Asks: 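My structure is below; once you've seen it, I'll send some questions.
Just so it is clear, the model here is predicted, and its values are computed rather than measured.
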Amino acid sequence: MATKNIYLIAGGTAALIIIILLMKNKKVFTPVTKNMKFRGYDPLGSGAFGAHRSGNTRKHSGVDVLATPGQDIFAPISGTAVRVAYPYKDDLSYTGILIKNAEYEVKMFYLSPTVVMGKQVTAGQKIGVAQNITAKHGAAMQNHVHFEVRNSAGVLIDPTNMFNV
């Protein structure tokens, strides 16, 4: 009887671990560009989630997806286009978008939204065009769209391995 209980506990624990790993690697985001590639390292730093920012202790709160200025940008999730988002308080020429559904809140910067705020968007739908960030950061930084995600509890998460590519 004790052996049977041990097998049940071990089997249940293994199943739980598998479920957690599958959920952690859940592919939930549609690519935001046609040729989805992440910004690696350039002379101004890294586009990876959690990368250190030069000159301070702040860490990168999202991932950077390479984008050519004027390139179409697509919704990573279906949800509501809540509002225009601004990456800089002192420079409103750079914009983005906040999209929200029951599971995720996605904030994207360095794109000019082409959808109406307050309306529903569908994953894969064009939501804007990429902006040229070299005017602010110089040619040393690769043009990209910044992508950050919070889960339904408001916790910032690393979306790197969650794109369905």
Side-chain angles (χ1 to χ4, degrees), residues 16-42 44-53 58-88 91-137 141-165:
L16 183 60
I17 290 170
I18 290 169
I19 290 169
I20 289 170
L21 288 173
L22 287 173
M23 287 177 64
K24 184 176 180 181
N25 294 319
K26 193 163 104 171
K27 306 287 186 191
V28 297
F29 301 119
T30 300
V32 298
T33 62
K34 290 232 186 240
N35 303 331
M36 177 99 176
K37 292 184 181 163
F38 293 110
R39 174 180 159 236
Y41 288 92
D42 60 34
L44 295 180
S46 168
F49 182 85
H52 291 283
R53 292 293 166 245
R58 190 174 63 87
K59 291 187 177 186
H60 194 221
S61 58
V63 295
D64 294 340
V65 177
L66 293 175
T68 304
Q71 180 179 4
D72 290 343
I73 304 299
F74 305 98
I77 58 172
S78 294
T80 303
V82 177
R83 65 176 172 83
V84 174
Y86 298 94
Y88 309 109
D91 185 351
L92 302 182
S93 65
Y94 292 94
T95 58
I97 191 169
L98 177 71
I99 302 171
K100 191 172 183 176
N101 65 22
E103 291 184 76
Y104 300 103
E105 180 179 282
V106 173
K107 193 183 296 181
M108 298 169 68
F109 293 130
Y110 312 126
L111 68 100
S112 299
T114 57
V115 294
V116 177
M117 297 304 122
K119 299 291 185 181
Q120 293 294 306
V121 296
T122 304
Q125 172 186 342
K126 179 181 172 182
I127 57 169
V129 295
Q131 295 176 323
N132 184 350
I133 63 169
T134 61
K136 184 164 187 79
H137 296 288
M141 181 178 282
Q142 296 173 296
N143 271 298
H144 64 273
V145 173
H146 173 83
F147 181 88
E148 67 183 58
V149 182
R150 293 187 183 275
N151 64 18
S152 59
V155 176
L156 194 63
I157 60 173
D158 180 355
T160 304
N161 295 314
M162 297 173 70
F163 286 96
N164 193 9
V165 290

Asks: Could you tabulate the donor-acceptor pairs under 3.5 Å formed by side-chain atoms of residues 111-124, not counting sequence neighbours?
Replies:
unit_1 : atom_1 : unit_2 : atom_2 : d
Ser112 : OG     : Gln131 : NE2    : 3.2
Thr114 : OG1    : Ile127 : O      : 3.3
Thr114 : OG1    : Gly128 : N      : 3.3
Gln120 : NE2    : Thr80  : OG1    : 2.5

Asks: Considering only residues two or more places apart or on different chains, which pairs with a residue in residues 61-86 satisfy ring pair (Phe, Tyr, Trp, His ring centres under 6.0 Å)?
Replies: none
Asks: To the nearest 0.5 Å, how far apart are CD in Glu105 and CG in Leu156?
Replies: 10.0 Å
Asks: Between His144 and Gln142, which heavy-atom pair has the shortest distance, and what is it?
Replies: ND1-O, 2.9 Å
Asks: Just by distance, do the side chain of Asn164 and the backbone of Thr30 share a donor-acceptor pair under 3.5 Å?
Replies: no
Asks: Kindly give the heavy-atom pair with the smallest separation between Tyr104 and Ile157, and that separation in Å.
Replies: CE2-CD1, 3.8 Å
Asks: Compare every heavy atom of Met108 with every heavy atom of Pro76, then report the nearest pair and how far apart it is.
Replies: CD-SD, 3.9 Å
Asks: Determine the interplanar angle of the His146 and Phe109 rings, folded into 0 to 90°, and report it as parallel if under 30°, tilted if 30 to 60°, perpendicular if over 60°.
Replies: parallel
Asks: For the residue pair Val149 and Val63, establish whether any side-chain heavy-atom pair is separated by less than 4.5 Å.
Replies: no
Asks: Would you say that more than 12 heavy atoms from the other residues, nucleotides or ligands in this model lie under 6.0 Å from the CG of Asn151, or not?
Replies: yes
Asks: Measure the CG-OG1 distance between Asn143 and Thr134 for me, rounded to the nearest 0.5 Å.
Replies: 5.0 Å
Asks: What distance separates Ser78 OG from Gln125 CD, expressed to the nearest 0.5 Å?
Replies: 8.5 Å
Asks: Is Lys27 reaching over with its side chain to a backbone N or O of Asn161, donor-acceptor style, under 3.5 angstrom?
Replies: yes
Asks: Supply the atom-to-atom distance Asp64 CG to Glu148 CD, rounded to the nearest 0.5 angstrom.
Replies: 10.0 Å
Asks: With a sphere of 6.0 Å drawn around OH of Tyr41, does it hold more than 12 non-hydrogen atoms of other residues, nucleotides or ligands?
Replies: no
Asks: So how far is it from His52 NE2 to Lys59 NZ, rounded to the nearest 0.5 Å?
Replies: 4.5 Å
Asks: Which residues pass the side-chain contact (heavy atoms from CB on, under 4.5 Å) test with Thr68, sequence neighbours left out?
Replies: Gln71
Asks: Might you work through the side-chain contact (heavy atoms from CB on, under 4.5 Å) test for Tyr110 and Lys136, ending with a clear yes or no?
Replies: CA-CA 11 Å; Tyr110 312 126; Lys136 184 164 187 79; over 6 Å; no
Asks: Over all heavy atoms of both residues, which pair between Ala85 and Lys107 is shortest? Give the atoms and the distance, please.
Replies: CB-CG, 4.1 Å
Asks: Report the relative orientation of the aromatic rings in Phe147 and Phe29; use parallel for angles under 30°, tilted for 30 to 60°, perpendicular for over 60°.
Replies: perpendicular
Asks: What verdict does the side-chain contact (heavy atoms from CB on, under 4.5 Å) test give for Val28 and Ile77, after you've listed the backbone C-alpha separation in whole Å, the side-chain angles of each residue and the deciding distance to 0.1 Å?
Replies: CA-CA 8 Å; Val28 297; Ile77 58 172; 5.7 Å; no
